[in-house]
> 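Just passing along the structure, written as structure tokens.
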There are 2 protein chains.
Amino acid sequence: MEAKKTFFNLPEEKQKRVLETALEEFSEKGYQGASINLIVSRLGIAKGSIYQYFNNKKSLFLYIFDYVVELVRKRLKRVKEETKEAPTFERIRRSLLAGVDFIEHHPSIYRGYLKMMFEREVPFRQELLRKIRLFSSDYLTSLLMEGRDRGEIRKDVDLETMVFLLDAVMDRFLQAYAVSYLDSGLHLHQATRPEIEKRIGELVGVLQQGIGR
Amino acid sequence: MEAKKTFFNLPEEKQKRVLETALEEFSEKGYQGASINLIVSRLGIAKGSIYQYFNNKKSLFLYIFDYVVELVRKRLKRVKEETKEAPTFERIRRSLLAGVDFIEHHPSIYRGYLKMMFEREVPFRQELLRKIRLFSSDYLTSLLMEGRDRGEIRKDVDLETMVFLLDAVMDRFLQAYAVSYLDSGLHLHQATRPEIEKRIGELVGVLQQGIGR
DNA sequence: TTTAATGATGACCAGGTGGTCATCATCCAT
DNA sequence: ATGGATGATGACCACCTGGTCATCATTAAA
């Protein structure tokens, strides 16, 4: 029960406006830091109104969260199908690139995700993050398994270990692109597209062959 | 000018108690979320007193930050020297293990670091994080360079790329150990020591040889 | 004993928070 | 025209925040 009936009676444009405005605020300030007062003032509606749409701050947040999750889920699914025929490491490259594109189009969303990752008061944070991680994990697992079947991926190593490594590197890459001062050396933050592609190429290459010998 | 003279006139034990209590609060709640009221109440001193030690919340935070940075810096330096003679990938293994130990001994500190990473209102966040990242980056760079000289590390790949990869994986490993629901698959959070060591071994192995072929 | 210095105190301030609710405006069916 | 339903409103509430400052207690120097 995340939104009240009143909210759904609203014209769709208004629903969307409310949603986007709140999303912006939550992404920018995190859960705790987001201000209902600011949201309503920015929407130009009365304080009481928002409480006629949602029971409280928590409900509003959860509703927005679901909205975003659906957005990401669709995106991920599309990339996976689009690259179905490509070799595994090409698929990884394309996935990273898709991540970059997503951040480009929805900059506040990714920053919001990073914020709630370590915030305390986020309602159901544990469950929510598990949900997200599962996306990523499932995605990479199936990608690597298909790669194994094709003989492109080592079979003598724990699959979970490889997934962990991939997940870590890809996530960090996107973080570095999104927030600056997280890339140690490579200057990813707001780098140009060719630079990004070059970096991705190098990184995937090292993932493939290792750094040893 | 982070602390007032009054603070330094205090008996050392009291200084330390103030410091540790504030550190605990900042680590647990982040900068914005930390409550001066709670700190003084937990210390059993008057509100006004803490403002006779520090000019404001920001000063208190920065003072604590320096305190922590020094702590970490020493630790890192020691590990580096202790493993001076070991092969590179053994050094990496030991470094990760040292990280796990550090979190074990100072659980709130690492969580605090994670929190401020994406919080907005942290004063000088950018500079502070850059400082930290530079530690890690410098450390890994010199480690890999020495490894190159010994012929243990590839020479045909950009050094920064490898540093980035190492940094990402190691940091994520510690994150997963510290906060749960960040490990996709491997269950690092509060795993037993032998499990941790096994995972580290596998991970470093994959780093060394890659996941391809 | 008087004076000066220094640390401790907590009532108080302005401003922000999430949330409530009686009242009003509008529309539609009777 | 009337009554009912539904959405919009904003003054108001209790509570919390970081920060101030006049006052007090204690100590040491004169």
Side-chain angles (χ1 to χ4, degrees), chain A residues 1-19 21-23 25-26 28-65 115-116 119-124, chain B residues 1-19 21-23 25-26 28-65 115-116 119-124:
Chain A
M1 217 63 34
E2 287 164 6
K4 292 186 177 180
K5 346 79 207 157
T6 310
F7 179 70
F8 297 111
N9 293 344
L10 259 39
E12 271 203 45
E13 337 159 348
K14 184 160 186 181
Q15 287 186 35
K16 185 154 191 176
R17 223 170 69 82
V18 170
L19 233 149
T21 306
L23 168 58
E25 175 71 1
F26 276 115
E28 217 59 45
K29 313 271 190 71
Y31 175 76
Q32 183 95 294
S35 162
I36 299 286
N37 287 332
L38 265 182
I39 293 175
V40 295
S41 125
R42 212 165 283 159
L43 279 169
I45 66 176
K47 179 85 158 281
S49 293
I50 200 120
Y51 285 97
Q52 231 144 9
Y53 308 153
F54 301 91
N55 286 313
N56 46 38
K57 194 181 185 180
K58 179 170 150 188
S59 295
L60 173 56
F61 172 77
L62 290 178
Y63 185 78
I64 289 174
F65 183 84
K115 219 153 271 155
M116 68 164 276
E119 215 183 337
R120 300 174 71 246
E121 313 292 348
V122 179
F124 308 119
Chain B
M1 218 64 31
E2 285 164 6
K4 292 186 177 179
K5 347 76 205 159
T6 311
F7 179 68
F8 296 112
N9 292 343
L10 260 38
E12 272 203 43
E13 335 159 351
K14 186 160 186 182
Q15 287 186 35
K16 185 154 190 177
R17 223 170 70 81
V18 170
L19 232 151
T21 306
L23 168 58
E25 176 71 3
F26 275 114
E28 218 60 44
K29 314 271 190 67
Y31 175 76
Q32 182 97 291
S35 161
I36 300 284
N37 288 332
L38 265 182
I39 292 176
V40 296
S41 124
R42 212 165 282 159
L43 280 169
I45 66 177
K47 178 83 157 285
S49 293
I50 200 121
Y51 284 97
Q52 232 145 8
Y53 308 154
F54 301 90
N55 285 314
N56 47 39
K57 194 181 185 181
K58 179 169 151 189
S59 295
L60 173 56
F61 172 77
L62 290 178
Y63 186 76
I64 289 173
F65 183 83
K115 219 152 272 156
M116 69 165 275
E119 214 182 337
R120 299 175 68 247
E121 312 291 348
V122 179
F124 306 119

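Letters go in sequence order (proteins before strands), and every chain restarts at 1. What you see below is based on every heavy atom in this structure, not just the backbone, and it leaves out hydrogens, waters and symmetry mates.
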> Please classify the nucleic acid contact of S49(B) as base, sugar-phosphate, or nothing, using heavy-atom distances under 4.0 Å.
base
> Output yes when a side-chain donor or acceptor of K57(A) lies under 3.5 Å from a complementary backbone atom of A34(A), and no otherwise.
yes
> Could you tell me how far apart I36(A) (CD1) and dG19(C) (P) are, to the nearest whole angstrom?
6 Å
> Please determine if E25(B) and K29(B) form a salt bridge, counting it only when a charged side-chain N lies under 4.0 Å from a carboxylate O.
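Looking at E25(B) and K29(B), the cut-off is met.
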> Contact class for Y53(B) vs. all strands (heavy atom < 4.0 Å): base, sugar-phosphate, or nothing?
sugar-phosphate
> Return yes when atom NZ of K16(A) has more than 12 non-hydrogen atoms of other residues, nucleotides or ligands closer than 6.0 Å, and no otherwise.
no
> Take the protein atom CD of E25(A) and the nucleotide atom C1' of dG16(C), then report the distance between them rounded to whole Å.
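E25(A) atom CD is separated from dG16(C) atom C1' by 13 Å.
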> Which part of the nucleic acid does K58(B) contact within heavy-atom distance under 4.0 Å: base, sugar-phosphate only, or nothing?
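Since no nucleic acid heavy atom lies under 4.0 Å of K58(B), the category is nothing.
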> Mapping K5(B) and K47(B) onto DNA chain C by nearest heavy atom, which one lands closer to the 5' end?
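Its nearest nucleotide being more 5', the pick is K5(B).
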> Would you classify K57(A) as touching base, sugar-phosphate or nothing, given that sugar-phosphate means primed atoms plus P, OP1 and OP2, and contacts are heavy atoms under 4.0 Å?
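Answer is sugar-phosphate: K57(A) comes under 4.0 Å of backbone atoms only.
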> S35(B) side chain: which of dT17(D), dT17(C), dG10(D) is closest?
dT17(D)
> Kindly point out which of dG10(C), dA8(D), dT20(D) is positioned nearest to the side chain of Q52(A)?
dA8(D)
> Is there a side-chain contact between F7(A) and Y63(A) in this structure, where contact means two heavy atoms from C-beta onward sitting under 4.5 Å apart?
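Yes - at least one pair of side-chain heavy atoms lies under 4.5 Å apart.
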